[in-house]
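What follows is a set of notes on a single structure, which appears directly below.
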Amino acid sequence: MEPVTGVILAGGAATRMGGEDKGLLLFQQHPLYCHVARVLAPQVTTLLINANRHIDIYQQSGYRCISDTLSGFQGPLAGMLSGLSAAKTDWVVFSACDSPCLPPQFVSDLWQQKGGASACWIRTSERDHPVFCLLHRRLHEPLAAYLASGERRVLAFLRQHGHAARVDYPEEAFLNINTPQELEHYQF
């Protein structure tokens, strides 16, 4: 596997979470993003955190923080664009900040199944999980143009440039905690 930069996407507005910064919400006594960093960091060469607020708190982790180059909380693709801009490697893997149960080898699964595609994302037996994706930096310009056109659909963009990596993980492995009720429910 070539060197890969990892980016934790923690730059959203979290409207379903009442505007709270999801990455910093406590899950089993640790911020959600820390659970992701613990699993993602050993799988990548460099780890970055995409954050648009509370950057001083995220920087305490020791990981470099990058903000969206586009204003106004434009969604995960804006964070991906910033990650592609900041990466020093040809390949960049992305993960949501609110997924504390990630499998310890999902990056290698993406790598092994990407083939010649510029984009590859996780698909479990139940559905696509497009924010868990591996992108080549050559997608920076097409992604910038896609966002400039007003589009924000992650899966629609990825399908233009690659394919899903089919994995046999349980659906919970890519669980996103989006609401206060889900945060409470999954505190096991």
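Throughout, residue positions are numbered sequentially from 1 according to the sequence presented.
Ring pair Phe157/Tyr146 is tilted by interplanar angle, where 30° to 60° counts as tilted.
Side chain of Ser95 to backbone of Ile8: no donor-acceptor contact under 3.5 angstrom is found. Remark: the backbone N or O of Asp68 is paired with a side-chain donor or acceptor of Asn52 at under 3.5 angstrom. Between the side chain of Thr89 and the backbone N or O of Thr5 there is at least one donor-acceptor pair closer than 3.5 Å. His163 places a side-chain N or O within donor-acceptor distance of the main-chain N or O of Gln113, the cut-off being under 3.5 Å. Side chain of Ser118 to main chain of His161: no donor-acceptor pair is present (N/O by atom type, distance under 3.5 Å, no hydrogens or angles). In this structure, the side chain of Arg152 engages the main chain of Leu147 through a donor-acceptor pair within 3.5 Å.
Aromatic pair Tyr58/Tyr63: centroids not less than 6.0 angstrom apart.
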(message) One pair to check against side chain to side chain contact (heavy atoms under 4.5 Å, CB included): Leu134 and Val92. What are the steps and the verdict?
(response) CA-CA 6 Å; Leu134 179 67; Val92 184; over 6 Å; no
(message) If you apply the rule side chain to side chain contact (heavy atoms under 4.5 Å, CB included), what do you find for Ile177 with Phe27, and how did you get there?
(response) CA-CA 10 Å; Ile177 296 178; Phe27 179 81; 3.9 Å; yes
(request) Test Met80 against Leu143 for side chain to side chain contact (heavy atoms under 4.5 Å, CB included), laying out the working first. (result) CA-CA 9 Å; Met80 291 177 186; Leu143 179 53; 4.1 Å; yes
(request) Under the side chain to side chain contact (heavy atoms under 4.5 Å, CB included) rule, what do Ile66 and Ser82 come out as? Steps first, then yes or no, please. (result) CA-CA 7 Å; Ile66 58 171; Ser82 296; 4.2 Å; yes
(request) Give the intermediate values and the outcome of ring-ring contact (aromatic ring centres under 6.0 Å, His included) for residues Phe132 and Phe94. (result) CA-CA 5 Å; Phe132 302 97; Phe94 296 91; over 10 Å; no
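Distance CD/Glu126 to CZ/Arg123: 9.5 Å, rounded to 0.5 Å. Rounded to the nearest 0.5 Å, atoms CD1 (Ile49) and NE2 (His54) are 14.0 Å apart. How far OG of Ser61 is from CG of Leu47: 7.5 Å, rounded to the nearest 0.5 Å. Distance check: Ile122 CD1 to Tyr169 OH gives 6.5 Å after rounding to the nearest 0.5 Å. For the atom pair CG (Leu155) and NE2 (His129), the distance works out to 11.0 Å, reported to the nearest 0.5 Å. Residue Thr45 holds its OG1 atom at 7.0 Å from CE of Met1, rounded to the nearest 0.5 Å.
Using a 4.5 Å cut-off on side-chain heavy atoms (C-beta onward), Leu26 and Pro31 make contact. Looking only at side-chain heavy atoms (C-beta outward), Arg53 and Ser67 stay at 4.5 Å or farther from each other. The shortest distance between side-chain heavy atoms of Thr124 and Phe174 falls below 4.5 Å. Between Leu135 and Leu158 there is a side-chain heavy-atom pair separated by less than 4.5 Å. Residues Leu32 and Leu24 form no side-chain contact, since every pair of their non-hydrogen atoms from C-beta on lies 4.5 Å or further apart.
By the salt bridge (charged side-chain N to carboxylate O under 4.0 Å, His left out) test, Glu171 is found to be paired with Arg127, residues two or more places apart in sequence or in another chain being considered.
In summary, of the residues considered (Leu9, Leu183, Asp98), a side chain to side chain contact (heavy atoms under 4.5 Å, CB included) with Lys22 occurs for Asp98 alone.
Val36 approaches Cys97 most closely through the heavy-atom pair CG2-O, 3.7 Å. Closest approach of Pro103 to Gln43, counting heavy atoms only: O-NE2, 3.6 Å. Shown here for Val154 and Pro76, the closest heavy-atom pair between the two residues is CG2-CG, 3.7 Å.
The closest side-chain donor-acceptor pair between Ser99 and Asn176 falls under 3.5 angstrom.
A 6.0 Å sphere centred on CG of Asp56 holds more than 12 heavy atoms belonging to other residues, nucleotides or ligands. Within a 6.0 Å sphere centred on CZ of Arg166, other residues, nucleotides and ligands contribute 12 heavy atoms or fewer.
No salt bridge links Lys114 with Asp109; every basic N to acidic carboxylate O contact stays at or beyond 4.0 Å.
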